[in-house]
Amino acid sequence: MRKYFLIISSFILGTLGSTAQNSGIQSTVKDVETKVDSVLNLMTLEEKVGQMIQYNGSWDLTGPASEVGNKEKEDRLKKGLVGSMLNVLSVEATEKAQRMNMENSRIKIPLIFGYDVIHGYKTIFPVPLGETASWDLEAAQESARIAALESVAQGVNWTFSPMIDISRDARWGRIMEGSGEDTYLTSKIAVAKINGYQGDDLSDPKTIAATAKHFAGYGLAEGGRDYNAVNIGKYELHNVVLPPFKAAADAGVATFMNSFNTIDGIPATGSKSLQRDLLKGKWDWQGFIVSDWGSISEMIPHGFARDKIHAAEIAVIAGSDMDMEGGAYEAGLEQLVKEGKIDEGLINEAVKRILRVKFKMGLFEDPYKYMNANLENEVPYDEHRKTARDIAKKSIVLLKNENDLLPIKSSVKKIAVIGPLADDKDTPIGNWRAQGETNSAVSVLEGLKNTEFNSKITYAKGVALGQGERSFLMPLEINKTDRSGIPDAVAKAKDAELVIMVLGEDAFQSGEGRSQANIGLAGLQLELLKEVQKVNKNIVLVLMNGRPMEITWAAENIPAIVEVWQLGTESGNAIADVLLGKYNPSGKLPVSFPRAVGQEPLYYNRMNTGRPANDLHVTYSHYTDITNGPLYPFGFGLSYTTFNYGDVSLSSEELSEGGSLTLSVPVTNSGDVKGKEVVQLYLHDLVASVARPIKELKGFKMVELAPGETKTIEFIISEEMLKFYGASEKWEAEPGEFKLMVGGNSEELKTVKFNYNK
Ligand code: NOJ
């Protein structure tokens with residue numbers, strides 16, 4: 001035993017020595033691998049399995065309660081039989097757990113501390129779907145950097161974010177947590193987020209490790225019902241679902257999380273082809289995969305594993321490295337190795353991956369480096385709030401603005417602010433709120449009162465949206481009966497020149513486990529809106545929600561609609577900035593808004609079908625009761641100015657192998673105020689070895705234009721852009737004719753064609 005301590009301490013001293021000599025220089029890959037191997041060689045099988053176990057700290061439950069009691073967790077920590085903990089918050093708590101492990105265990109391998117830091121830690125930014133509507137990659141990166149800093153100040157050094165599941169179904173509650181329906185946009189956001197969390201150097205104690213989740217397919221759950229089966233073919237898997245994960249792997253994301261769902265019958269957690277063969281093999285990614293909460297043991301109810309031991313066997317062979325609160329690895333792995341059912345090499349491989357991340361984070365040099373109690377005082381929370389306001393206003397999407405009702409004119413004398421969400425200080429914080437405090441957002445009413453309109457404002461709630469207690473783990477009870485506030489709201493609306501109605505969804509109507517079969521205005525909200533509209537037609541509907549909603553009546557009857565998502569801490573101020581025209585809205589939808597829930601899943605990059613066109617009888621691909629298209633399409637968003645797109649030109653109509661083309665389009669601000677436009681580029685491969693979508697986003701550029709100004713926007717069209725996973729089962733560009741489309745949303749587009757020759 002004494003000899004062992006000598007070995008490990010000289011090893012750690014050696015590491016410290018070399019770090020001091022190389023200060024400021026990141027360890028080389030070879031260095032890290034040598035260190036990983038040296039530690040692995042010192043470990044017993046029990047300790048190796050211990051590294052593969054992650055426990056919840058019981059502070060904050062984000063899944064079903066664990067079967068393992070706190071005492072047992074403590075004992076295991078002291079023996080060095082835990083690799084990581086989640087939901088342990090504060091410098092004090094993380095340090096306590098780390099000390100328990102470091103000061104008592106034989107092997108002394110530091111823990112890492114994970115938490116769901118999804119859209120901010122204390123300063124809350126827009127929910128990810130909302131932030132994506134900004135199409136602003138710098139903003140996405142900056143909010144992640146800030147979240148990382150605020151997390152580290154509380155001892156958290158690993159986030160389970162970004163969620164980069166493509167989601168096309170508004171019924172799925174977790175659509176709020178991702179970047180929507182488009183693969184290209186989600187890939188770009190994924191990289192921005194990872195860069196924001198991890199910075200350039202994972203060992204910088206102001207950065208945290210990121211997680212690309214959920215690998216894979218989780219967002220395409222059948223019927224939009226959370227955790228449900230995913231039945232997609234290999235082409236959709238490779239072309240739609242996997243590219244954001246490939247982008248994340250290439251960007252050096254430290255960890256991946258697998259997912260709860262089956263894909264084509266195989267639970268993703270037990271999928272060797274996804275994890276071991278593709279991610280670790282073909283993509284040569286070096287980080288580690290954490291299971292989702294209990295997802296290894298959940299292979300039992302899936303009907304894929306007999307018991308926990310069998311589940312552990314399947315998961316470790318598939319390549320899942322760490323068991324989050326599942327109890328399967330501790331139940332099974334040692335026994336499986338001892339019985340010769342699995343090779344210890346598989347355990348070694350998983351442990352090396354976990355150690356590698358810990359080395360890269362610098363934890364072996366100083367296990368307490370992310371537990372700096374002084375850092376909290378250095379965090380510039382005021383600055384963070386300013387950034388939160390800036391990002392929030394950029395995330396707002398103007399959906400309708402008849403008769404230029406917005407921005408609100410200074411001549412307006414009386415404004416009635418009405419609705420259950422108008423003075424709600426909590427819903428803007430959204431779900432997955434980390435340590436964002438309850439009721440800490442600026443409400444819309446407060447935001448408006450902070451402006452020069454203060455004295456012109458009256459307020460009525462009208463109806464409550466929910467009733468009873470709200471909680472992270474229980475469904476929200478909707479108010480369907482209490483109409484008592486409607487007369488007051490109607491009276492105030494009647495007496496006002498302009499009405500601002502704030503309706504939508506409670507924070508806990510979207511998020512994990514919050515799938516809904518109905519996605520309209522829940523409860524009595526539509527009734528309230530209709531009653532108000534009877535007495536005053538000048539209504540601005542401020543829609544606050546975490547998913548695309550069905551708002552067809554409002555779209556037909558209300559002159560102005562502003563989509564504000566759940567914008568975080570500075571919500572009300574950012575909304576006021578837009579309503580008053582202090583910021584000209586520039587957001588664009590990252591998801592299609594349906595006309596009816598029956599259209600879901602609804603997405604712009606769909607297939608053409610063999611019968612796309614109306615030939616005057618019913619036998620074409622459509623619904624007989626509504627049109628196929630969305631109410632508001634992907635990429636859509638208005639501004640207080642207008643943009644005109646001139647003719648699109650291409651440098652040549654022929655693209656040869658290895659070459660490139662330049663597409664140019666002049667964009668003019670044809671209105672009266674300065675504005676920003678997201679110029680979008682789409683592509684269609686007209687004939688291919690597998691049917692290709694009618695259009696797919698391939699690029700976008702943000703341009704700011706003064707009134708009357710024109711700028712020519714260019715996109716380089718390369719072979720890379722044409723590649724897809726086709727019949728050859730490789731990513732390839734196939735020769736033939738292509739259509740390029742450019743415009744300010746996925747429907748109003750100008751087109752050019754070219755040929756690609758090989
Ligand atoms: C389950 C969720 O699916 C996952 O995204 C989250 O990171 C874990 N719980 C931990 O809270």
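Atoms within each ligand, like the ligands themselves, are counted from 1 in listed order. Keep in mind it's a predicted model, so treat the numbers as computed, not measured. Counting begins at 1 with the first residue of the sequence.
Looking at M257 against ligand 1, only its side chain comes within 4.0 Å, counting heavy atoms.
At least one heavy atom of F260 sits under 4.0 Å from some atom of ligand 1. R174 counts as a contact of ligand 1, since one of its heavy atoms falls under 4.0 Å from the ligand.
Below 3.5 Å of separation, one finds no N or O of E177 facing any N or O of ligand 1. For ligand 1, one of its N or O atoms has an N or O atom of D116 under 3.5 Å away. Backbone and side-chain nitrogen or oxygen atoms of K213 are examined, and one is located within less than 3.5 angstrom of a nitrogen or oxygen of ligand 1. On a distance-only criterion, Y218 and ligand 1 share no N/O pair closer than 3.5 Å.
Atom NZ of K280 has more than 12 neighbouring heavy atoms from other residues, nucleotides or ligands inside a 6.0 Å radius.
We find that D226 and R514 are not joined by a salt bridge, their nearest charged nitrogen and carboxylate oxygen being 4.0 Å or further apart. Ion pair K79/D75 not flagged as a salt bridge, since none of the NZ, NE, NH1 or NH2 atoms sits closer than 4.0 Å to an Asp/Glu carboxylate oxygen. Salt bridge annotation for K96-E92: absent, with no cationic side-chain nitrogen under 4.0 angstrom from a carboxylate oxygen. A salt bridge between E74 and K71 is absent, with no side-chain N of the basic residue lying under 4.0 Å from a carboxylate O of the acidic one. Between R433 and D426 there is a salt bridge, since a side-chain N of the basic residue sits under 4.0 Å from a carboxylate O of the acidic one.
Here is the list of ligand 1 atoms found below 4.0 Å of a heavy atom in D292: 1 (C), 2 (C), 3 (O), 4 (C), 6 (C), 8 (C), 9 (N). Distances below 4.0 Å separate heavy atoms of F160 from the following atoms of ligand 1: 7 (O).
Seen from the ring of F508, R470 does not count as a face-on cation partner, given the 6.0 Å and 45° thresholds.
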